[in-house]
Amino acid sequence: MKKKLITLLFALSLCANANVKMPLLFSDGMVLQRNKPISVWGWADSGEKIEVAFNKQIQRTKADKNGKWLLYLKPEKAGGPFKMTIKGKNSITIENVLVGEVWICSGQSNMEWTVGQAQNADYEISQADNPWIRQFLVDKDLNSTPKEEIKAGSWKESSKKNTGAFTAVGYFFAKKVYNELKIPIGIINASWGGTCSETWTSKEAFEKSPEFSSMIADLPKGTMDSFLKNKLDALTAKIEALQKSKITSNSESQYKTASFDDSAWPEVHAPQLWNQQLGSLDGTVWMRKSFIISKEDASKEALLELGKIDDEDLSYVNGIEVGKNTQWDKKRIYKIPSGTLKEGINTVAVRVTDYSGGGGIFGDEADLKLTVGTTIVPLAGKWKFQVTEIKTDLSPNSYPSLLYNAMINPLVPYSFQGVLWYQGEANATRAEQYKKAFPLLINDWRTKWNQGDFPFFFVQLSSFNEFGGNSSVGSYWAELREAQAFTLNNVANTGMCVTADIGDPKDIHPKNKQEVGYRLAAIALNKVYEKGNVFSGPAYKSMETKGNQILLTFDNAESGLTVHDKYQYVKGFEVAGSDHVFHYAKAQIKGSQLLVWSDQVQNPEAVRYGWADDASDCNLYNAENFPAAPFRTDDWDTISKGIKYSFEK
């Protein structure tokens, strides 16, 4: 009986191993790329014969010694729905397959941002029923080595039920392209908020790059568990050295009280995310700030405003709980009952828990304040802090290539038309190096897919006053925009969507994703589908000094320049002389040229436009209503010069 049972189990295991298996991309509702060879692959037993049938085509191959197989169907015209059948020792049928245009949508949170979070979401979702627009959402995952299969994912048709979860930028792009072409559009959404470009780039690309080869040589070898231990050990040592004490939650109950002595605690600035000050820290941190209240105000009710807190907070004033919230992007506004405040020194204490990325109090400085009657007490500035817990999960930015390995490599070699990319915020402080990092990523993906220089269209950073940067103190965001423009001009078959005019200086996630999608679609319709003549705004070409004025010439302005806002005069320009001090400039449109000057600069040498984190002053357009890209004419040193990518070792 025992022998029979063993034989049966062995036979069952053989049957299980014999089953042909397909990647999750190859599932019901999939969209295949038209007019290109269609790559189809999967797994089976070593040497197993495979047959794929699709729309009157039949192609055959057999699995290699490792059990993987790959074949290419001949190009198909747009249409469907069709069936695909894959036969080995078993048979798989994939239903409701369309052929049309496929685009990969990737990057960080502004690509991840959904239709349900965009402006006019209810209306957009109510109009979303279109089974010819579909999204495949790649489940978030990371890994230390390249994976063959994604963690999870499925194809969904655009509908009132599904579209709220679609990438907003990708959806509005697809909607515009569909309206022009009337063929199926598939978007593969592989995005993760707060991520740097280095996590989306393969290890092999870094090894071949003079800029990054020494960095990648220091990457520890091992599993995700060993990566996790390395990160935890390094971060623990760093934080304990900074706060000169062990990380422990033993004394937490005292930290909310006004009497607790926090004089030995280190300081961070608020509002400003932890990852900009402490590195990649996820966990629990107490933050404390003391302030003075007069005798007259001590007995009154008050209003405490703490900006936004990533992710969760539990907030106290003088040891009394005044509020808590778990929404990372919601402003904290808490009422303080009368009798809570006292004459003299008072203390606000906030227990902040962050699960991934960012961390801490962020937003606008004006949103951090205590209001008592007519008295306003500013709370922006230095806060005392103490880390009581480090969360041990790896973040996507802990090491290079983690997201490439888990979310991009498994998509290769799926046939598609091009890539839409919205990322850069997480690389802003390394803007100069982004001139190498971003082209490296693009060329890496093109190498991996071996589909030629496929279109790679990206969104230039919008306006957001993250660091208060400008021409006087330097601007990381302006420098990152410049790095993106550099990529546009130096990497073939790229396109850049300018968005400085449609951002929100107080919100890193501007809600107008419709216009972003439509502007990306304008690039694709022109460069890929040969529809439409103009797809971008004025781009700086050259300058000529004329006394105390500078004449600027632009590309993409043949039909003339114009302004867009209620003021009807050109804004956003500055000029500087040999002292490198910039002054706001006046500007006059001369057809397709612009004359710029400042009464404070008699011998101008340089012009800048939109050179600030918050570039929302920009209002220069061409006649076709596309905005001018921010730029500078000088090559003077920048604040990101020499700042390099690194990881916890």
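Values reported hereafter were calculated over all heavy atoms of this structure, with side chains retained and with hydrogens, waters and symmetry mates removed. In this chain, residues are counted from 1 in sequence order. Because the structure is predicted, anything quoted here is derived from the model rather than measured.
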Practice problem: May I ask you to check whether Thr199 and Asn397 show a side-chain donor-acceptor distance below 3.5 Å? | Solution: no
Quiz item: Does a donor on one side chain and an acceptor on the other come within less than 3.5 Å for Glu312 and Thr326?
Solution: no
Quiz item: Between Ser106 and Trp200, does any side-chain donor sit less than 3.5 Å from a side-chain acceptor?
Solution: no
Practice problem: Would you check, one step at a time, whether the test side chain to side chain donor-acceptor pair (under 3.5 Å) holds for Gln514 with Glu124? | Solution: CA-CA 10 Å; Gln514 288 87 337; Glu124 299 291 357; 3.0 Å; yes
Quiz item: Should we count NZ of Lys571 as having more than 12 external heavy atoms under 6.0 Å?
Solution: yes
Exercise. Could you grab the distance from atom CZ of Arg288 to atom CG of Asp262, nearest 0.5 Å is fine?
Key: 4.5 Å
Quiz item: Phe631 vs Phe554 aromatic rings, parallel, tilted or perpendicular, using cut-offs 30° and 60°?
Solution: perpendicular
Quiz item: When rounded to the nearest 0.5 angstrom, what is the spacing between CG in Asp364 and CD in Glu305?
Solution: 11.0 Å
Quiz prompt | Sole residue of Asn110, Ile187, Leu137 in side chain to side chain contact (heavy atoms under 4.5 Å, CB included) with Thr167 | solution = Ile187
Quiz item: What are the two closest heavy atoms between Arg519 and Pro627, and how far apart are they?
Solution: NH1-CG, 3.4 Å
Quiz item: Can you list the steps and then say if Ser640 with Glu479 is a side chain to side chain donor-acceptor pair (under 3.5 Å)?
Solution: CA-CA 8 Å; Ser640 67; Glu479 292 175 26; 2.5 Å; yes
Exercise. Could you please spell out the steps behind the ring pair (Phe, Tyr, Trp, His ring centres under 6.0 Å) verdict for Phe173 and Trp103?
Key: CA-CA 10 Å; Phe173 168 89; Trp103 288 80; 5.1 Å; yes
Quiz item: Taking atom types as modelled, is there a side-chain donor on Asn465 or Asp613 under 3.5 Å from an acceptor on the other?
Solution: no
Quiz item: If you look at every heavy atom in Ala426 and Gln423, which pair is closest and at what distance?
Solution: CB-NE2, 4.4 Å
Practice problem: Go through the structure and list residues passing salt bridge (Lys or Arg N to Asp or Glu O under 4.0 Å) with Lys590, not counting sequence neighbours. | Solution: none
Quiz item: Considering all heavy atoms of both residues, which atom of Ala483 and which atom of Ala431 are nearest to each other, and what is their separation?
Solution: CB-O, 3.4 Å
Quiz item: Between the side chains of Asp634 and His580, does any donor sit under 3.5 Å from an acceptor?
Solution: no
Practice problem: Determine the interplanar angle of the Trp328 and Phe362 rings, folded into 0 to 90°, and report it as parallel if under 30°, tilted if 30 to 60°, perpendicular if over 60°. | Solution: parallel
Quiz prompt | salt bridge (charged side-chain N to carboxylate O under 4.0 Å, His left out) assessment of Asp599 paired with Lys586 | solution = CA-CA 9 Å; Asp599 295 336; Lys586 298 176 183 178; 3.8 Å; yes
Quiz prompt | Trp286 and Tyr316 aromatic ring geometry - parallel, tilted or perpendicular at 30°/60° bounds | solution = parallel
Practice problem: Find the distance between CG (Leu379) and CZ (Phe291) and round it off to the nearest 0.5 Å. | Solution: 6.5 Å
Quiz item: Given the rule in the ring pair (Phe, Tyr, Trp, His ring centres under 6.0 Å) test, do Phe458 and Phe438 qualify, once you have shown the distances and angles that lead to the verdict?
Solution: CA-CA 11 Å; Phe458 55 90; Phe438 190 27; 5.0 Å; yes
Practice problem: Assess whether atom NZ of Lys511 is packed by more than 12 heavy atoms of other residues, nucleotides or ligands within 6.0 Å. | Solution: yes
Exercise. Verify, without hydrogens or angle tests, whether Asp297 (side chain) and Ile293 (backbone) share a donor-acceptor contact under 3.5 angstrom.
Key: no
Quiz prompt | Residues in salt bridge (Lys or Arg N to Asp or Glu O under 4.0 Å) contact with Asp313, at least two apart in sequence or another chain | solution = Arg332
Quiz item: Taking the six-membered ring for Trp, are Trp265 and Tyr255 ring centroids under 6.0 Å apart?
Solution: yes
Quiz item: Out of curiosity, Tyr434 OH to Cys196 SG, how far, rounded to the nearest 0.5 Å?
Solution: 10.0 Å
Practice problem: Drop me the distance from Ser475's OG to Glu482's CD, to the nearest 0.5 angstrom. | Solution: 10.5 Å
Self-check item: Side-chain H-bond candidate by donor/acceptor type, Asp555 with Tyr540, under 3.5 Å
Solution: no
Practice problem: May I ask you to check whether Trp477 and Phe467 place their ring centres under 6.0 Å from each other? | Solution: no
Exercise. Please find out if less than 6.0 Å separates the ring center of Phe582 from that of Trp636.
Key: yes
Quiz item: Looking only at side chains, do Thr284 and Glu389 share a donor and an acceptor under 3.5 Å apart?
Solution: yes
Quiz item: If we ignore angles and hydrogens, is there a donor and acceptor under 3.5 Å between the side chains of Asn619 and Asp565?
Solution: yes
Quiz item: Is a side-chain donor or acceptor of Gln484 paired with a backbone partner of Val459 at a separation under 3.5 angstrom?
Solution: yes
Quiz item: Between Glu432 and Lys641, is there a salt bridge with N-O shorter than 4.0 Å?
Solution: no
Quiz prompt | Worked check of side chain to side chain donor-acceptor pair (under 3.5 Å) between Asp504 and His509 | solution = CA-CA 7 Å; Asp504 183 339; His509 303 116; over 6 Å; no
Quiz prompt | Worked verdict on Gln117 versus Thr114 for side chain to side chain donor-acceptor pair (under 3.5 Å) | solution = CA-CA 5 Å; Gln117 295 169 301; Thr114 65; 3.2 Å; yes
Quiz item: Hey, what do you get for CG (Asn622) to OG1 (Thr562), rounding to the nearest 0.5 Å?
Solution: 9.5 Å
Quiz item: Going through the distances and angles, do Trp113 and Tyr422 end up as a ring pair (Phe, Tyr, Trp, His ring centres under 6.0 Å)?
Solution: CA-CA 11 Å; Trp113 210 250; Tyr422 197 156; over 10 Å; no
Quiz item: Can Thr195 and Gln108 be counted as having a side-chain donor-acceptor contact under 3.5 angstrom?
Solution: no
Practice problem: Check whether the side chains of Glu198 and Asn427 place a donor and an acceptor atom closer than 3.5 Å, and report yes or no. | Solution: yes
